[in-house]
Number of protein chains: 4
Amino acid sequence: MRSKAPIDEKSRAAEVSKRRVSLHSSKNNSRHSDKYQRILDAAILVIAEHGYFQSRVSEIAERAGVADGTIYLYFKNKEEILRAAITSAFTEFLRRARHELESTSDPVEQLHRLARLHLSALSANKPLAAVFQTELRHSAKFLAEFSRTELKQYFDLIREIVRRGQQAGTFRPGVSDKIVANCFFGALDEMVTSWVLSDHDYPLEGAAVAVADVIISGLKA
Amino acid sequence: MRSKAPIDEKSRAAEVSKRRVSLHSSKNNSRHSDKYQRILDAAILVIAEHGYFQSRVSEIAERAGVADGTIYLYFKNKEEILRAAITSAFTEFLRRARHELESTSDPVEQLHRLARLHLSALSANKPLAAVFQTELRHSAKFLAEFSRTELKQYFDLIREIVRRGQQAGTFRPGVSDKIVANCFFGALDEMVTSWVLSDHDYPLEGAAVAVADVIISGLKA
Amino acid sequence: MRSKAPIDEKSRAAEVSKRRVSLHSSKNNSRHSDKYQRILDAAILVIAEHGYFQSRVSEIAERAGVADGTIYLYFKNKEEILRAAITSAFTEFLRRARHELESTSDPVEQLHRLARLHLSALSANKPLAAVFQTELRHSAKFLAEFSRTELKQYFDLIREIVRRGQQAGTFRPGVSDKIVANCFFGALDEMVTSWVLSDHDYPLEGAAVAVADVIISGLKA
Amino acid sequence: MRSKAPIDEKSRAAEVSKRRVSLHSSKNNSRHSDKYQRILDAAILVIAEHGYFQSRVSEIAERAGVADGTIYLYFKNKEEILRAAITSAFTEFLRRARHELESTSDPVEQLHRLARLHLSALSANKPLAAVFQTELRHSAKFLAEFSRTELKQYFDLIREIVRRGQQAGTFRPGVSDKIVANCFFGALDEMVTSWVLSDHDYPLEGAAVAVADVIISGLKA
DNA sequence: AATGAATGAGTCTTCATTCAT
DNA sequence: GATGAATGAAGACTCATTCAT
């Protein structure tokens with residue numbers, strides 16, 4: 001029974017700048033990436049504000065500062081925009097997660113780092129977080145694909161840490177790594193959802209230690 | 001970064017009977033409750049299959065065995081159908097949860113029971129589970145209302161168990177009951193989502209013990 | 001270029017009682033006339049308030065204190081209600097007009113009486129006036145029929161007075177009685193429309209003398 | 001008791017060309033004004049034929065030679081089409097009326113010219129006349145606005161002529177200019193309505209002199 | 001005669017997508 | 001590549017009318 005703390009239009013609208021996006025330094029390194037990225041960024045903002053199905057392609061275009069038709073030079077259709085936006089952001093997140101884990105091999109520390117990164121990454125971009133928490137699952141086909149590929153890599157990352165911890169004797173055996181991954185991810189995910197839906201903008205990252213603690217304590221040998 | 005294991009159109013479509021609903025014994029011939037409930041049941045099926053925004057009111061009507069216009073004798077509009085379906089199912093769930101908790105006062109046992117009920121209740125009705133996991137959050141205003149009322153009661157239930165466990169010395173103090181409730185709910189929720197999105201229909205309830213164990217172990221004094 | 005002074009929803013709504021109709025003493029002389037007349041009266045009120053096309057049969061039924069289906073025991077369809085309501089009211093008006101003209105044979109006096117009756121009859125029942133001024137013409141077929149029969153009798157009444165006045169030498173010859181009838185009726189009609197559309201409820205009958213004077217002066221030999 | 005001479009579906013349908021409109025020289029290739037005007041023209045034809053409420057937007061689109069959706073690039077909704085069509089035609093009429101009055105300052109002559117213009121303008125475009133005579137008053141709010149603005153200017157024009165005639169001694173004093181304006185307008189309006197509703201297409205303009213004469217005679221000092 | 005729940009045909013409007021410029 | 005006017009398919013909802021009771 002998923003669903004979270006309240007969200008209201010106002011807070012959402014407030015946090016989402018209505019001005020044209022310029023999240024990325026407009027170095028314009030290629031004629032492609034410029035508009036392509038502006039469209040993706042605009043899409044995140046618009047979808048975070050209205051939800052995927054109630055977002056208008058024309059509003060994304062307007063926010064990106066391009067003509068409606070231009071969208072279709074870069075994306076096959078509306079769904080592809082959502083797909084690309086989420087995949088691109090998530091790929092970057094995965095890259096950072098892997099990088100983060102390299103500097104230590106202690107499973108406990110690794111889970112802590114993952115929890116911190118999970119919360120801080122989304123915390124840093126509330127519109128993006130809103131899209132991840134609420135819009136990711138709307139297209140069954142897309143979600144199937146995403147879960148089977150991108151998201152699975154994240155789960156595998158977690159499960160491997162757990163397994164190594166169990167092998168090292170840090171974590172007690174007998175707990176399925178799959179279930180632990182679900183718990184770990186689910187707990188963090190729930191924290192983010194609550195935060196996304198809440199009115200007041202409390203610091204999300206602070207919860208990382210507490211959440212990781214609950215899970216890790218439950219794992220300790 | 002919410003999103004779960006795969007789901008694909010085919011498996012979903014397969015699991016959802018396309019025949020007219022008859023979940024409830026049709027003895028009830030009182031015209032109202034009869035059609036009202038048939039519409040709600042049909043709505044759950046159709047929405048589970050297509051998602052709220054891609055569900056057609058006419059399909060709900062057809063599946064409920066009534067004319068399109070009849071829908072509007074019982075519901076103000078499409079959104080009200082979703083709202084009513086979810087609220088009605090969740091209210092029933094809450095009733096059962098409270099009943100379940102009455103027969104014991106041991107916090108550990110109570111959390112176990114809650115976990116089992118959570119998973120078995122949704123496990124028993126996959127279309128309903130699909131709606132809870134994916135469609136609950138589409139209307140910001142609706143979700144706000146739902147989170148503020150129905151769902152909050154569930155969270156309060158969990159938090160109170162945790163607090164009583166801490167007072168009794170069963171659970172270690174120093175962990176916010178709110179965060180624990182988020183972890184507990186989030187972990188279960190993630191289990192359900194994975195299950196809803198998965199192809200093969202594995203027994204969901206079996207995971208209850210494991211999930212509760214992880215969280216409870218993390219809480220033990 | 002027909003159209004008149006302003007009308008606003010509020011004034012209309014205000015002047016039209018929303019309570020059930022009981023314009024006629026409910027002697028209930030026949031089982032028929034009771035509900036039949038109540039439906040007609042309710043129809044006038046509702047149509048005056050919303051206009052024919054925006055009136056709901058169910059509202060007429062409610063205002064008449066009968067069930068929706070009952071309407072169709074007395075009238076073939078919605079249009080027949082309008083037709084019957086207008087015809088019935090106009091027939092009564094014609095009867096009174098003829099009666100009024102009997103007591104004098106002076107054309108000038110007759111025109112004055114007609115003007116007075118025209119304005120006072122409608123003035124006494126603003127909802128009815130509203131229907132006459134605005135709703136009479138919506139069904140081409142109905143209007144055709146009405147103009148060819150009921151209304152034509154009124155025009156004939158006027159034309160005959162004019163012709164007799166010309167024969168008697170009171171009115172100058174050389175003016176087409178048809179055109180005079182149009183002027184006479186058009187002038188009165190315009191007075192009523194202005195009044196119906198106006199906010200403040202000024203006394204309409206007072207204008208009868210003035211209007212008749214203008215036309216009659218234009219006719220004097 | 002408004003309503004006029006007969007009109008029947010057949011005669012109406014006959015007089016209204018079903019072919020695509022091309023009232024305006026199509027030199028104007030500026031996409032906007034071109035389609036905008038074509039839609040307005042088509043709307044007049046369709047509304048004249050069926051009445052506003054029974055006109056289909058899709059028929060207007062078809063008659064204008066555009067797609068249904070194109071209508072909404074130029075007009076907010078169906079009602080706006082009617083509003084724009086009437087306002088635009090009436091504004092042009094007012095412009096011509098004012099121009100017509102400039103070339104003489106004799107009140108008698110001015111009223112004659114106004115009568116002639118009123119009848120010839122509508123006589124020249126029977127569908128437009130039909131719309132003016134029958135559809136103008138359907139939306140209370142619209143009519144209120146129209147009467148308060150456009151139509152009021154026409155009445156003011158008439159009233160000023162009457163007042164100047166009275167000051168000049170041409171017209172007898174003691175007759176309210178407002179009532180005279182009502183008589184003048186009402187008489188002309190009635191002529192047009194009769195003509196619009198009649199089967200045979202008699203010359204309307206010929207009546208101008210007669211009508212003006214009746215009213216003017218009634219005014220003479 | 002009376003009821004009112006049920007019907008289902010009918011239409012305005014939206015908006016993703018295309019394509020001539 | 002870029003534009004944005006134009007397209008037209010699609011669907012929620014209304015309401016006159018019916019008919020079993």
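Here the structure is a predicted model, which means the values were calculated and not measured. Letters go in sequence order (proteins before strands), and every chain restarts at 1.
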Among all residues two or more places apart in sequence or in another chain, which pass the ring pair (Phe, Tyr, Trp, His ring centres under 6.0 Å) test with C/Phe75? C/Tyr36

Here the distance between atom C1' of E/dA2 and atom OH of C/Tyr74, to the nearest Å, is 9 Å

Short side-chain to backbone donor-acceptor contact, A/Lys78 and A/Arg56, under 3.5 Å: no

Whole-Å distance separating the CD atom of A/Glu59 from the P atom of E/dT17: 16 Å

When the distance from OH of B/Tyr36 to C1' of E/dA6 is rounded to whole Å, what number comes out? 18 Å

Should C/Leu82 and C/Ile86 count as side-chain neighbours, where that means a heavy-atom distance under 4.5 Å? yes

Residues that B/Thr70 engages under side chain to side chain contact (heavy atoms under 4.5 Å, CB included), provided they are two or more places apart: B/Lys35, B/Val66, B/Ala67, B/Leu73, B/Tyr74

Specify the separation, in whole Å, of atom CD of D/Glu62 and atom C1' of E/dT11. 15 Å

Has D/Arg38 got a side-chain atom pairing as donor or acceptor with D/Ala64's backbone, closer than 3.5 angstrom? yes

Once you round it to whole Å, what is the distance between C1' of E/dA1 and CG of C/Asp34? 13 Å

Taking the six-membered ring for Trp, is the centroid-to-centroid distance between C/Phe53 and D/Tyr52 below 6.0 Å? no

For D/Ser88, all residues meeting side chain to side chain contact (heavy atoms under 4.5 Å, CB included), sequence neighbours excluded: D/Leu40

What N/O pairs connect the protein and nucleotides 13-16 of chain E at under 3.5 Å? Give each pair on its own line.
residue, atom, partner, partner atom, Å
E/dT13, OP2, D/Tyr72, OH, 2.7
E/dT13, OP2, D/Lys78, N, 3.1
E/dC15, OP1, A/Arg56, NE, 2.7
E/dC15, OP1, A/Arg56, NH2, 2.7
E/dC15, O5', A/Arg56, NE, 3.4
E/dA16, OP1, A/Ser55, O, 3.3
E/dA16, OP1, A/Arg56, NH1, 3.1
E/dA16, OP2, A/Val57, N, 3.0

Where does DNA chain E form stems of at least three consecutive Watson-Crick or G-U wobble pairs, each pair having both distances below 3.5 Å? E:2-21 with F:2-21

Answer yes or no: does a side-chain N or O of C/Lys35 lie under 4.0 Å from OP1 or OP2 of E/dA1? no

Taking CZ from B/Phe75 and P from E/dA6, how many angstroms apart are they, rounded to a whole number? 13 Å

What is the distance from atom CD1 of C/Ile71 to atom CG of C/Asn77, rounded to the nearest 0.5 Å? 11.5 Å

Given atom CD1 of C/Ile60 and atom C1' of F/dT17, what is their separation to the nearest angstrom? 14 Å

At what distance, to the nearest 0.5 angstrom, does OG of B/Ser55 lie from CZ of B/Arg63? 9.0 Å

Find the distance C/His50:NE2 to F/dT14:P and express it as a whole number of Å. 15 Å

